[in-house]
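One structure below.
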Amino acid sequence: MLAEDASFTVTHVHPMRTLDGITLPHVLRFLRFVTLPGKKKMAARIHGGAGAGAATALSTFNPKKLVAPSRTNLPAARSSKRCIVAAAGSDASKSLRVGHSQKLIANAAVATKAETSATTGTGHELLLFEALQEGLEEEMDRDPRVCVMGEDVGHYGGSYKVTKGLADKFGDLRVLDTPICENAFTGMGIGAAMTGLRPVIEGMNMGFLLLAFNQISNNCGMLHYTSGGQFTIPVVIRGPGGVGRQLGAEHSQRLESYFQSIPGIQMVACSTPYNAKGLMKAAIRSENPVILFEHVLLYNLKEKIPDEEYICNLEEAEMVRPGEHITILTYSRMRYHVMQAAKTLVNKGYDPEVIDIRSLKPFDLYTIGNSVKKTHRVLIVEECMRTGGIGASLTAAINENFHDYLDAPVMCLSSQDVPTPYAGTLEEWTVVQPAQIVTAVEQLCQ
């Protein structure tokens, strides 16, 4: 409740709420003097790697000097502010309901050709965690309002080294080590976003962010609406998740299904170094709160990415493999299980079309609809839980918008509704394997 009350109090400092120039030191210094309703004054303390510089800055605070820089000195921000609308019920998606003989809609939503050419030209090879780090560093160079906060994100470099070297370059106040208190630093990050910063909040493990669910749902997702548009929440919440290798039930959470029902939240999942960097940069520049899901087993994937700057659209799917017989929709780690199964399917005479949906909310129904109109069969492969998961929502959206094009029921392969076992053999049984994908395609194409 401390973080929630503190961020609530900060938003009532009216001279701050319309200033884009507020910097992280301003927020941290101000929080030291925040008076909570019915409580004593709160003394802000910087734990972990904040260092002596932060303590000195706090001790020399003068409230009369809390003046933001002029807007003319700030980097140009995006002027457009889009609201997130559920794609499943949008007019755009309903316009796809035409007869089988109708031509396919122009596939402008998918930038696959451009992405493919970009990755085959000149560039440099990076691991996925290095691509995330590079994208984050570029955005921190570009925009001084971008800051990072979380547990061990400072000089330790993050639990998976995504923030390695950033504290040395940008200082302890822009790369802020926090106490082990997810609800507090998530609430602080949301409050900082309301005052003009663009925080990137790292959850050491996505499962830990359940402790901050109140801040993410009641504050992060809703404040733009409940404030009548007075506040935007340009915050990125990111971290590792998914089933690892014997990490146990509590460290193998897939939280996509938890967050998908929160209004105002946008969700994306990276699966390659290329789209990891592109989605990271796009999420930071977005005016909407974005949750970026990273899979714990994909951090060491290597790929050549372009030297020039690029970003990926947060609402576009990626055509991984064009095909004619069946549409396979997947994301994150399951992309590689699907591609492994695709090799077997091709040898058996099948031609699957594989789409990495990437945008978990909203769905890219343009790309999905064009594929369904071509193949007339859909298989969804996910690592999320079967009950109430992303696959369930995607199945409903496809049935609602493209039912007339289906020649067979939509099939969904998901993880079993059980806590992930620690034993390696049992862990494998709870997650979809390539052999199951091959069997499902054979059944659907009979």
Side-chain angles (χ1 to χ4, degrees), residues 206-207 240-249 251-258 260 267 269-272 293-299 301 317-318 320-321 323 325-348 350 352-360 363 368 371-372 375 377-399 408-446:
M206 274 295 187
V243 177
R245 289 194 173 91
Q246 294 184 267
L247 297 180
H251 288 70
S252 302
Q253 295 274 36
R254 287 80 84 195
L255 297 189
E256 305 95 296
S257 60
Y258 289 69
Q260 67 172 327
M267 304 194 312
C270 61
S271 54
T272 68
F293 292 94
E294 304 155 14
H295 200 286
V296 67
L297 292 183
L298 299 185
Y299 280 124
L301 285 176
E318 176 186 349
V320 181
R321 184 192 187 278
H325 294 162
I326 186 171
T327 298
I328 304 180
L329 305 174
T330 187
Y331 65 94
S332 192
R333 176 197 177 194
M334 287 296 109
R335 167 176 175 156
Y336 298 95
H337 282 212
V338 169
M339 292 308 294
Q340 185 176 341
K343 295 177 182 178
T344 304
L345 290 169
V346 169
N347 292 334
K348 292 189 173 187
Y350 297 98
E353 179 156 290
V354 180
I355 296 176
D356 184 343
I357 62 173
R358 290 200 309 203
S359 176
L360 307 184
F363 296 130
I368 295 170
S371 181
V372 172
T375 66
R377 291 174 175 82
V378 178
L379 173 64
I380 301 169
V381 181
E382 62 173 348
E383 196 179 272
C384 197
M385 297 299 185
R386 182 170 185 81
T387 302
I390 296 296
S393 298
L394 189 52
T395 299
I398 293 171
N399 283 328
V410 177
M411 183 179 293
C412 183
L413 298 179
S414 311
S415 294
Q416 297 184 35
D417 289 333
V418 296
T420 304
Y422 174 77
T425 52
L426 294 178
E427 181 183 73
E428 288 185 6
W429 278 98
T430 66
V431 179
V432 179
Q433 300 299 323
Q436 295 173 269
I437 300 171
V438 172
T439 301
V441 171
E442 290 175 336
Q443 291 176 356
L444 284 170
C445 292
Q446 283 180 352

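Along the sequence shown, residues carry numbers from 1.
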Taking the side chain as everything from C-beta on, heavy atoms only, tell me whether [X] gets closer than 4.5 Å to [Y].
X	Y	answer
I398	L329	yes
L345	H325	no
Y336	T330	no
Q253	M206	no
F363	L394	yes

Mind listing the closest non-hydrogen atom pair of [X] and [Y] along with its distance?
X	Y	result
S252	G244	OG-N, 4.3 Å
V431	M334	CG1-CE, 3.5 Å
M339	V320	SD-CG1, 3.7 Å
S415	V432	N-CG2, 4.4 Å
C384	G389	SG-CA, 3.9 Å
P352	R321	O-NH1, 2.6 Å

Using the test salt bridge (charged side-chain N to carboxylate O under 4.0 Å, His left out), find all partners of [X] that sit at least two apart in sequence or belong to another chain.
X	answer
R254	none
R386	none
R377	none
E428	none

message = So, using ring pair (Phe, Tyr, Trp, His ring centres under 6.0 Å) as the criterion, who are the partners of Y299 when residues are at least two apart?
response = Y160
inquiry  = Going by the rule ring pair (Phe, Tyr, Trp, His ring centres under 6.0 Å), which residues pair with H337 if we only count those two or more places apart in sequence or in a different chain?
reply    = none
query = What residues form a side-chain contact (heavy atoms from CB on, under 4.5 Å) with Q260, not counting sequence neighbours?
reply = S257, M267, I390, S393
inquiry  = Among residues at least two apart in sequence or on other chains, which ones pass side-chain contact (heavy atoms from CB on, under 4.5 Å) with P421?
reply    = L426, T430
message = Whether the side chain of E427 engages the backbone of Y422 through a donor-acceptor N/O pair (distance < 3.5 Å, no angle test) should be reported.
response = no
key: S414 (side chain) donor-acceptor with M385 (main chain) under 3.5 angstrom   = no
inquiry  = Can you tell me how far apart CD (Q246) and OG1 (T420) are? Round to the nearest 0.5 Å.
reply    = 12.0 Å
ask   = Looking at T395, L379, I380, which one forms a side chain to side chain contact (heavy atoms under 4.5 Å, CB included) with M411?
value = L379
Contacts of [X] that satisfy side chain to side chain donor-acceptor pair (under 3.5 Å) - sequence neighbours left out:
X	answer
T327	S371, T375
S271	N275, R335, D356
E256	Y331

Show the atom names and distances, to 0.1 Å, of all donor-acceptor pairs under 3.5 Å that link a side chain in residues 435-446 to residues at least two apart or in another chain.
residue, atom, partner, partner atom, Å
Q436, OE1, Q433, N, 2.9
T439, OG1, A435, O, 3.1
E442, OE2, K348, NZ, 2.9

task = Would you please test L255 and F293 for side-chain contact (heavy atoms from CB on, under 4.5 Å) and show each step?
result = CA-CA 9 Å; L255 297 189; F293 292 94; 4.3 Å; yes
